[in-house]
Peer 1: 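Provided herewith is a single structure, encoded as structure tokens, for subsequent inquiry.
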Amino acid sequence: MKIVIHGLGRVGATLAYTVLLKGLASELTLIGRNADHAKGHALDLRHATAFTPRPTQVTSGNLDAAQGADLIALCASAPSPPDMRDRNFLADANAKLFAKILPRLTAAAPDAVLVVVSNPVDALTRLTQDLSGLPTGRVLGTGTLVDSLRFRELLSEEIDIHTDDLRAYILGEHGESQLTAFSCAEAGGEPIEHTPERDRLFEIAKHAGFEVFALKGYTNFAIASAAAHICEAIAFDTKRVMPVSTDVEGFHGARDVCLSLPAVVGRAGVTRVLHPTLNESEITAWKRSADSVRQVVERMRRAAAPPG
């Protein structure tokens, strides 16, 4: 399994380290805008391979070094301003960046699965599908996986059940319009009741990333762990179900947009999108989320279009 990580800011570098520690790749290639920086990360990680569970060849290079990749994690991004409170702030700059890098990456690795980590992740996943021309299942984004796990961690403390045994999903946009699906939340077959306290926990989870960002200036551990969880499902073909940003196939009228739904993830990327039963208020929130992301998709398509 050859894994390529493009973009070696704090998230990309943390993801590279996590991939190495988990032993997910036989070959790990790092690509960044600064060649010396990428080479330094590769050397540092190579020195750490003596402590990892399996041998990994760690290299760095330019976009052509993605040749033969099985999986490409897209972490490249325009810089985030220190006061950023909206992931869509990065939309235009990241649309132009992806329009520049994707043709060479997909030419070098036409059989790869692409995992979008950069923000705004849902609109950027849809744009990546456009720009790559790959089957939709082979392009997915981290979506609300990190939000769902933050929410489960809070729920776990409240109801005293391990997070692994909770089936509670945050769906839709990885952003302000995301929604909880309490109508299908359960643990051990028992419904998880929708209460005002759990609405409060959802709000905490929804804004947790910006709380971390405000305190330390960036986020990296949780989102890199979420991306590594996706990479693990692809590398080992585990067929795990997780909420990721993907083509939602017209679910409740949402078309031409990527949003998070529970999906089966394996070697081929998203092999099946699951359709949970939502109540009326959740369906309304879902449609609102789809409309919100679709507007950003159109904006990013304009930004990515060639001049003239």
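Along the sequence shown, residues carry numbers from 1. We use all heavy atoms of the structure for the numbers below, so side chains are in, but hydrogens, waters and symmetry mates are not.
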Peer 1: Give the C-alpha distance, both sets of side-chain angles, the deciding distance and a yes or no for side-chain contact (heavy atoms from CB on, under 4.5 Å) between D247 and V273.
Peer 2: CA-CA 8 Å; D247 185 339; V273 179; over 6 Å; no
Peer 1: Judged by atom type as modelled, is there a donor-acceptor pair below 3.5 Å linking the side chain of T128 to the main-chain atoms of L124?
Peer 2: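 Yes, T128 side chain to L124 backbone: donor-acceptor pair under 3.5 Å.
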Peer 1: Tell me whether R138 at atom CZ has more than 12 heavy atoms from other residues, nucleotides or ligands lying less than 6.0 Å away.
Peer 2: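 It does: R138 CZ has more than 12 such atoms within range.
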Peer 1: A quick test of your reading: do over 12 heavy atoms of other residues, nucleotides or ligands sit less than 6.0 Å from OH of Y17?
Peer 2: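 No, the 6.0 Å shell around OH holds no more than 12 heavy atoms from other groups.
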Peer 1: If you draw a 6.0 Å radius around CD in E197, do more than 12 non-hydrogen atoms from other residues or ligands fall strictly inside?
Peer 2: yes
Peer 1: Out of D70, T59, L28, which one pairs with K2 under the side-chain contact (heavy atoms from CB on, under 4.5 Å) rule?
Peer 2: D70
Peer 1: Identify whether the distance between the nearest side-chain nitrogen and carboxylate oxygen of K287 and D291 falls below 4.0 Å.
Peer 2: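 Looking at D291 together with K287, the answer is no, because their closest N to O distance does not fall below 4.0 Å.
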Peer 1: Quick one: does NZ or CZ of R152 land under 6.0 Å from the six-membered ring centre of Y169, within 45 degrees of the ring axis?
Peer 2: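 Yes, cation above the ring, under 6.0 Å and within 45°.
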Peer 1: Do any N or O atoms from the side chain of T142 and from the backbone of A227 form a donor-acceptor pair under 3.5 angstrom?
Peer 2: no
Peer 1: Passes side-chain contact (heavy atoms from CB on, under 4.5 Å), H47 versus L45? Steps please.
Peer 2: CA-CA 5 Å; H47 299 158; L45 289 171; over 6 Å; no
Peer 1: Would you indicate whether R104, at its atom CZ, is surrounded by more than 12 heavy atoms from other residues, nucleotides or ligands within a distance under 6.0 Å?
Peer 2: yes
Peer 1: Check whether any side-chain heavy atom of S77 sits under 4.5 Å from a side-chain heavy atom of N119, and report yes or no.
Peer 2: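 A side-chain contact under 4.5 Å is absent here.
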Peer 1: Any donor and acceptor pair, going by atom type alone, linking the side chain of D122 with main-chain N or O of H174 inside 3.5 Å?
Peer 2: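 Checking the backbone N and O of H174 against the side chain of D122, a donor-acceptor pair under 3.5 Å is found.
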Peer 1: Look up atom CG in L43 and atom NE2 in H41, then write down how far apart they are to the nearest 0.5 Å.
Peer 2: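 Here the rounded value is 11.0 Å.
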Peer 1: Would you check if S132 and L114 make a side-chain contact, meaning some heavy-atom pair closer than 4.5 Å?
Peer 2: yes
Peer 1: Around Y218, counting heavy atoms of other residues, nucleotides and ligands shown, do more than 12 lie under 6.0 Å from its OH?
Peer 2: yes
Peer 1: Treating T284 as the side-chain partner and E280 as the backbone partner, does any N or O pair qualify as donor plus acceptor under 3.5 Å?
Peer 2: yes
Peer 1: I need the L145 CG to R240 CZ distance, nearest 0.5 Å.
Peer 2: 10.0 Å
Peer 1: Salt bridge check: are R126 and D256 linked by an N-O gap of less than 4.0 Å?
Peer 2: yes
Peer 1: Tell me whether R46 is salt-bridged to D44, with the criterion being a basic N under 4.0 Å from an acidic carboxylate O.
Peer 2: no
Peer 1: Surrounding CD of E211 (heavy atoms of other residues, nucleotides or ligands, distance under 6.0 Å), is the total greater than 12?
Peer 2: no
Peer 1: Can you tell me how far the CG atom of L171 sits from the OG atom of S177, to the nearest 0.5 Å?
Peer 2: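 So the CG of L171 and the OG of S177 are separated by 11.0 Å.
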Peer 1: Heavy atoms, side chains only, cut-off 4.5 Å: are P262 and R167 in contact?
Peer 2: no
Peer 1: Do any N or O atoms from the side chain of N94 and from the backbone of A78 form a donor-acceptor pair under 3.5 angstrom?
Peer 2: yes
Peer 1: Might you work through the salt bridge (Lys or Arg N to Asp or Glu O under 4.0 Å) test for E203 and R200, ending with a clear yes or no?
Peer 2: CA-CA 5 Å; E203 291 296 325; R200 187 184 71 83; over 6 Å; no
Peer 1: What's the verdict on salt bridge (Lys or Arg N to Asp or Glu O under 4.0 Å) for E298 and R301, showing C-alpha distance, side-chain angles and the deciding distance?
Peer 2: CA-CA 5 Å; E298 292 305 319; R301 283 173 172 158; 2.8 Å; yes
Peer 1: Under the criterion side-chain contact (heavy atoms from CB on, under 4.5 Å), I'd like the reasoning laid out for I234 against V115: C-alpha separation, chi angles, the key distance, then a yes or no.
Peer 2: CA-CA 10 Å; I234 295 167; V115 178; 3.8 Å; yes
Peer 1: Taking W286 for its side chain and L278 for its backbone only, find out whether a donor-acceptor pair lies under 3.5 Å.
Peer 2: no
Peer 1: Please enumerate all residues that pass side chain to side chain donor-acceptor pair (under 3.5 Å) together with S260, with sequence neighbours excluded.
Peer 2: T144
Peer 1: Please confirm whether the backbone N or O of V121 pairs with a side-chain atom of R87, one donor and one acceptor, at under 3.5 Å?
Peer 2: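 Judged by distance alone, no pair lies under 3.5 Å.
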Peer 1: Taking C-beta and beyond as the side chain, do K39 and L30 meet within less than 4.5 Å on heavy atoms?
Peer 2: no
Peer 1: Aromatic rings F151 and F182: how do their planes relate, parallel, tilted or perpendicular, breaks at 30° and 60°?
Peer 2: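 It falls in the perpendicular class, over 60°.
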Peer 1: Where do E282 and H252 land on the side-chain contact (heavy atoms from CB on, under 4.5 Å) test, with the steps shown first?
Peer 2: CA-CA 11 Å; E282 291 165 351; H252 288 296; over 6 Å; no
Peer 1: Should we say atom CG of D160 is surrounded by more than 12 heavy atoms from elsewhere, each under 6.0 Å from it?
Peer 2: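 Result for CG/D160: open.
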Peer 1: Quick check for you: to the nearest 0.5 Å, what is the distance between L74 atom CG and I101 atom CD1?
Peer 2: 5.5 Å
Peer 1: Check whether any side-chain heavy atom of T56 lies under 4.5 Å from a side-chain heavy atom of L24, and answer yes or no.
Peer 2: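 With C-beta onward as the side chain, the pair stays apart.
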Peer 1: Using atom types as modelled and distance alone, determine if a side-chain donor or acceptor of R294 lies under 3.5 Å from a backbone N or O of R255.
Peer 2: yes
Peer 1: A quick test of your reading: do over 12 heavy atoms of other residues, nucleotides or ligands sit less than 6.0 Å from CZ of R54?
Peer 2: yes
Peer 1: Output the distance between atom CG (D165) and atom CD (E186), rounded to the nearest 0.5 Å.
Peer 2: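 Between D165 CG and E186 CD, I get 10.0 Å after rounding to 0.5 Å.
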Peer 1: Is C75 close to L15 at the side-chain level, that is, under 4.5 Å between some pair of heavy atoms?
Peer 2: yes
Peer 1: Ignoring hydrogens and geometry, is there a side-chain-to-backbone donor-acceptor pair from S289 to E173 under 3.5 Å?
Peer 2: yes
Peer 1: First locate atom SG of C258, then atom CD of Q129, and finally report the distance between them rounded to the nearest 0.5 Å.
Peer 2: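 Answer rounded to 0.5 Å: 3.5 Å.
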